[in-house]
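To start, the structure under review is shown below, and the notes come after it.
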Amino acid sequence: MNILVINSGSSSLKYQLYNMTDESVLAKGLVERIGMDSSILNHKPTGKAEVTEVSEILEHNTAIRKVLACLTDKEHGVIESIKEIDAVGHRVVHGGEFFKASALVDADAKTKIRQLFDLAPLHNPAAMMGITASEVNMPGVPQVVVFDTAFHQTMPEKAYMYAIPRVLYNKYKVRRYGAHGTSHDFVSKAAAEYLERPLEDLKIITCHIGNGGSVTAVQGGVSVDTSMGMTPLEGLMMGTRSGDLDPAIVPYVMNKEELSVGEVNSMLNKHSGLLAISGVSSDMRDIIEGMEKGEPNSTLAFEMYEYRLRKYIGSYTAAMNGVDAIVFTAGVGENASLLREKLLNNLTFLGIELDAEANKVRSGDPRRISTVDSKVQVLVVPTNEELVIARDTHRIVQGING
């Protein structure tokens, strides 16, 4: 079975085509600048030359059509016909309380995704554009939606409720939902497999840290708490997001600066975090470079980032009454060895013993960066959210086909 995995953004579309016989990637690519006359399609077929095309792509329907043309191209394609695509899996950020697991796309699923537009205004409408474009270009091909929030639907009420009037939950479902669920799910299972221990016996803290970031407490294989909230703004300090802050700051600053709701929302989501503190960049690589040059603002940004991450790890250790393993993943988690070193050397009270040399090694495979005898095992596990989407799509489509 060949499965096309699609991740639709408002002006971009990522894709991977999987052969589920051996879970190999036949091709992958990215369409950028959708809606502009200089859109870029970068197509990477496995075992063949990479292709880049610049053209006008005004909407997602055209983007999907061009992707399918690349996949079936005589020279750069990997399949002969669109008919060889057996199913499509879509990443959808917000499933609310409707979706506790991945689901087949039908009229009811589409209605519910639309009802959640207010909770994920940047992401869910874009996902619907991808779903609609796939229906137009691949009529009759089953589609599956996989949600970032679904993994966290196991959180107990004490973890997901806010201490605000309950009417706001009853009427508008104001609560914590989390994000990056497919990643936290994938790396926690991979960690248990690497350690050769049953997942149900483990207490794992997974740190998905990239430009966005979240930490999850995974106990017995299920999410019991996570740092992101109703939206991805809550929790860790991130590339351009503020993370946790006193909510009274919002009306205070709005009043002092005469800001609109939209302006303060933009400030907290796009102009805060590492970018705001360093004054240089939202990229951890630039922050570390600046810190090594002695730039005080970069140093402060790094120290704040590490400190807040450390506090979440400590709090989730308390929440689970212990921790067996800590897992780092995503762009910063997998590559920022200095951050991991500083962080873990500040967590020695947990019995963590860092293997300094192993921590410096770069690899595309799961690896241990603590000593074998460390009381808490620490791993770096490359995430693979696309594979999770492909696997869920495969499972669900096989189920409807009997």
With a 3.5 Å cut-off and sequence neighbours excluded, list the donor-acceptor pairs that the side chains of residues 275-284 form with protein atoms.
residue	atom	partner	partner atom	Å
S278	OG	L274	O	2.8
S278	OG	V280	N	3.0
S278	OG	S281	N	3.2
S278	OG	S281	O	3.1
S281	OG	D283	N	2.9
S281	OG	D286	OD2	2.7
D283	OD1	R285	N	2.8
D283	OD1	R285	NE	3.0
D283	OD2	R285	NE	3.4
D283	OD2	R285	NH2	2.7

Exercise answer: donor-acceptor pairs, residues 114-127 side-chain atoms, under 3.5 Å, sequence neighbours excluded:
residue	atom	partner	partner atom	Å
N124	OD1	H94	N	3.1
N124	ND2	H94	O	3.0

Side-chain atoms of residues 248-255: list all donor-acceptor pairs with protein atoms under 3.5 Å, sequence neighbours left out, distances to 0.1 Å.
none

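Inter-residue side-chain proximity for L379 and F328 is flagged as unmet; no heavy-atom pair is nearer than 4.5 Å.
By the ring-ring contact (aromatic ring centres under 6.0 Å, His included) test, H60 pairs with no residue at all, sequence neighbours left out. Looking at residues two or more places apart in sequence or on another chain, you find no ring-ring contact (aromatic ring centres under 6.0 Å, His included) involving H90. Not a single ring-ring contact (aromatic ring centres under 6.0 Å, His included) links F186 to another residue, sequence neighbours left out.
Sparse packing is recorded around NZ of K83, with 12 or fewer heavy atoms of other residues, nucleotides or ligands lying under 6.0 Å away. More than 12 non-hydrogen atoms from other residues, nucleotides or ligands lie less than 6.0 angstrom from CD of E50.
A donor atom on one side chain and an acceptor atom on the other are not found under 3.5 Å apart for D225 and Y312.
Under a 3.5 Å cut-off, the side chain of R241 and the backbone N or O of M237 do not form any donor-acceptor pair. A donor-acceptor pair is defined here as one N or O able to donate and one able to accept, closer than 3.5 Å; such a pair exists between the side chain of R340 and the backbone of N359.
In terms of heavy atoms, A325 sits closest to L195 at CB-CD1, 4.0 Å. Contact detail for A358 and I369: the closest heavy-atom pair is O-CG2, 3.8 Å.
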